[in-house]
2 protein chains.
Amino acid sequence: MANIRDVASRAGVSVSSVSNVLNGRTDQMRQETLVRIENAMLELNYHPNRAAQQLKTGHAKMIGLLVPSIVNPSFAALAREVDLAAKNNHGYRVLLGNTYREEDEEQAFLTDLMSHGVRGVIVVSSSIEKSHFSEAAENGLVMVNYDGSSVTDAESNQILYDSVSMDNRQAGRIAAQYLIDQGCREIAFVTETTRTISRCHKIEGFLALAAEKGMKTHARVIEGKATKAYGDTEMVELGNQLAATIGELPLKPDGIVAINDVLAIGLIAGLRSKGIRVPEDISIVGIDNISLSGLITPALTSVAPPLADMATIMVERLISRLNSPHINAEEFLFTPTLVVRDSVIKRPG
Amino acid sequence: MANIRDVASRAGVSVSSVSNVLNGRTDQMRQETLVRIENAMLELNYHPNRAAQQLKTGHAKMIGLLVPSIVNPSFAALAREVDLAAKNNHGYRVLLGNTYREEDEEQAFLTDLMSHGVRGVIVVSSSIEKSHFSEAAENGLVMVNYDGSSVTDAESNQILYDSVSMDNRQAGRIAAQYLIDQGCREIAFVTETTRTISRCHKIEGFLALAAEKGMKTHARVIEGKATKAYGDTEMVELGNQLAATIGELPLKPDGIVAINDVLAIGLIAGLRSKGIRVPEDISIVGIDNISLSGLITPALTSVAPPLADMATIMVERLISRLNSPHINAEEFLFTPTLVVRDSVIKRPG
DNA sequence: CTGAAAGCGCTAACAA
DNA sequence: TTGTTAGCGCTTTCAG
């Protein structure tokens, strides 16, 4: 592999000129020199050694992506969008870490990122307020929290990390509104018990909208505990289990919002095995719009976050803050949209 | 961040002794020295700078994972297993690249890996015989091909890359056998048109088993072209489309093997919308056993590759060959198993 | 058994 | 406008 000296000597210039080209400092450079250097790079099939750049500058052209599990379709979709945004807009690559929502794994991944010279990481974790994150931040790791709470420093009253999420309250509202508009008169929000911030907001939005529509007493929350919190298998099992609960309810809902699509899929299967049809007996709206939702029967109507936009902003913020550490952390909220498919049916008023 | 010199001075030894510890050359070292060094590391919370190691040694503690798209559940599952094997067995991390089965993207990813000091990559690509792979190999990149053909060098008649796949012929046989055992008398293999090696083998296995059971004239291949070859959405659409074809067949099959689970899911949806019930009218077996398959209705019976074992071997081979470049490439075939769920029904003989 | 020192490829002062 | 050079943190050879 050719190095910067090979390029310099081939172009008949010094290494610093080549380095200047590599780092975009070409404004002061004679056009002809630039061309010679660029040609030399091409001819030698030169690619700068990232490890060396990294050793020198302290950071790699990589960002970390910390997810509970890449097997969860929502996070896989996120990973794809992050990879695209990082690569196409900035020439960065993605180092992946599955943490199974375990602190040890999160901790270990953050440490590994640091040793690999990665200084920016997108974090999907419901416990970003924990100390391993603040320690990493102190060591110079820049973080963006996806779909989590924003954490405020007790002393400075300053947001600690960028936070990017879909407007979860809005998501809850959109789902509730659609069910009501389609004629549902007894609605329920079905969720896993553990209350992350984003779950709380979804529930709030759902209940608030129902109240505004005068359906306060006809909107409830139904919940159950999953064995593990990161996987899809467990969510589907929970869906099955909650379907049983719902089947035995004296007053059955005619419309359900599920906390996420995977739970919705489990619910549909569970309800069906109880002889309850979706959407004829109960309409269902999911949240997340995973790609499989369009593929099942009935195709699932779902509230979709604008993932590509969110990924773009996350990568952008990460890289800006790497270059200008003084930039204050901010919170970004994205408006979700409803993707209408077949799991909700119009009911007579 | 503490560096090796800080550790050395804290422990009262030279940097080379610390380096010796880092690299496991402790056999000649006085126990007491070792302990002092280890303590110093702990006290300073020292983590070696990977970039520096890499610059020196030429390779990073990372492996690359090249997949068509992480959104495809089969590859997401693979990614998880690879991440686990790399991290837990060897302390390696995974650099992810989505290539959408495009040569440019594959090429770019391989180049980026090299510049990042990554010397080993797991490749999921149906075109590993193309020149961008052999060029990368010449530049010192070690590759393992997942679920692909093994490529033999024309001159040396030597396998070029390690290749790890499930025994695809076996997979086709298992699926066909199960359908026949359950009483199917007119079976079909449904697939996307493009013939990768692994697809060919599945079809071969399917047809061979049928022939052995005296059902040669009652086993056929039904195929259609997908718009794109990497996604799940397109596969599902293809499933829908092929369901229409099947619906109009004068002699309908009573058992179908789908080339993969996603296609199977599309088929089920498509058949259902044509009023054909699964499994009552047609039994279906998928291949790949993605986690979603257990979640749909009917839960899909599927032929499963032993992913975790395969990932373990792939990572192991990669790292062995990095350390001992003389090791010859080999081909590894893993036996699949049938995961029985609800999409196949027992028919009276 | 331990230490000194060269150098991996690059960046960015600083000098010219 | 371009060149010279120190040094980023580590590994490894060679001396002691």
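Below, chain A is the first sequence line, B the second, and so on; all start at residue 1. As the structure is a prediction and not an experimental result, all values here were calculated from the model.
In terms of phosphate contacts, B:Thr33 brings a side-chain nitrogen or oxygen within less than 4.0 Å of OP1 or OP2 of C:dT2.
Scanning all heavy atoms of the two residues, the minimum distance from B:Met114 to B:Leu141 falls at SD-CD1, 3.6 Å.
Looking only at distances, a side-chain donor or acceptor of A:Ser9 sits under 3.5 Å from a matching main-chain atom of A:Asp6. Put simply, the side chain of B:Arg119 gets close to the backbone of B:Gly58: a donor and an acceptor are under 3.5 Å apart. Of the possible polar contacts, none joining the B:Asn23 side chain to the B:Arg25 backbone as a donor-acceptor pair under 3.5 Å is found. A side-chain donor-acceptor contact under 3.5 Å links B:Ser69 to the backbone of B:Val71.
Axis angle across the helix from C:dC1-D:dG16 to C:dA16-D:dT1, with five pairs used at each end and values rounded to 10°: 40°.
B:Lys87 has a carboxylate O that lies under 4.0 Å from a charged side-chain N of A:Glu105, or vice versa, which qualifies the two as a salt bridge.
Just one of A:Glu106, A:Glu103, A:Glu135 meets the salt bridge (charged side-chain N to carboxylate O under 4.0 Å, His left out) condition when paired with A:Lys130; it is A:Glu103. Checked against B:Arg50 for a side-chain hydrogen bond (donor to acceptor under 3.5 Å, both in side chains), the options B:Gln54, B:His47, B:Gln53 give a single hit: B:Gln53. With B:Ile63 as the fixed residue, the side-chain contact (heavy atoms from CB on, under 4.5 Å) test singles out one of B:Ile122, B:Asp83, B:Val121: B:Ile122.
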Do any N or O atoms of the protein come closer than 3.5 Å to N or O atoms of nucleotides 8-12 of chain D, and which pairs are they?
unit_1 : atom_1 : unit_2  : atom_2 : d
D:dG9  : N2     : B:Ala52 : O      : 3.4
D:dC10 : OP1    : B:Tyr46 : OH     : 2.6
D:dC10 : OP1    : B:Asn49 : N      : 3.0
D:dC10 : OP2    : B:Ile4  : N      : 2.3
D:dT11 : OP1    : B:Asn23 : ND2    : 3.4
D:dT11 : OP1    : B:Gln53 : NE2    : 2.8
D:dT11 : OP2    : B:Ser19 : OG     : 3.2
D:dT11 : O2     : B:Lys56 : NZ     : 3.4
D:dT12 : OP2    : B:Arg25 : NH1    : 3.2

Each nucleotide N or O in nucleotides 14-16 of chain C that has a protein N or O under 3.5 Å away: list the pair and distance.
none

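One side chain, B:Asp153 or B:Ser156, offers a donor N or O that lies under 3.5 Å from an acceptor on the other. Residues A:Asp309 and A:Thr312 have side chains that never bring a donor and an acceptor to within less than 3.5 angstrom of each other.
Regarding A:Gln28, its CD atom lies at a distance of 15 Å from the C1' atom of C:dA12, rounded to whole Å. Between B:His116 atom NE2 and C:dG9 atom P the separation is 17 Å, expressed in whole Å. Across the protein-nucleic acid pair, A:Ile37 atom CD1 and C:dC10 atom P stand 14 Å apart, rounded to whole Å. Remark: C1' of C:dG9 and CE of B:Met114 are 14 Å apart, rounded to the nearest angstrom. Spacing between atom NZ of A:Lys61 and atom C1' of C:dC10 amounts to 14 Å, rounded to whole angstrom units.
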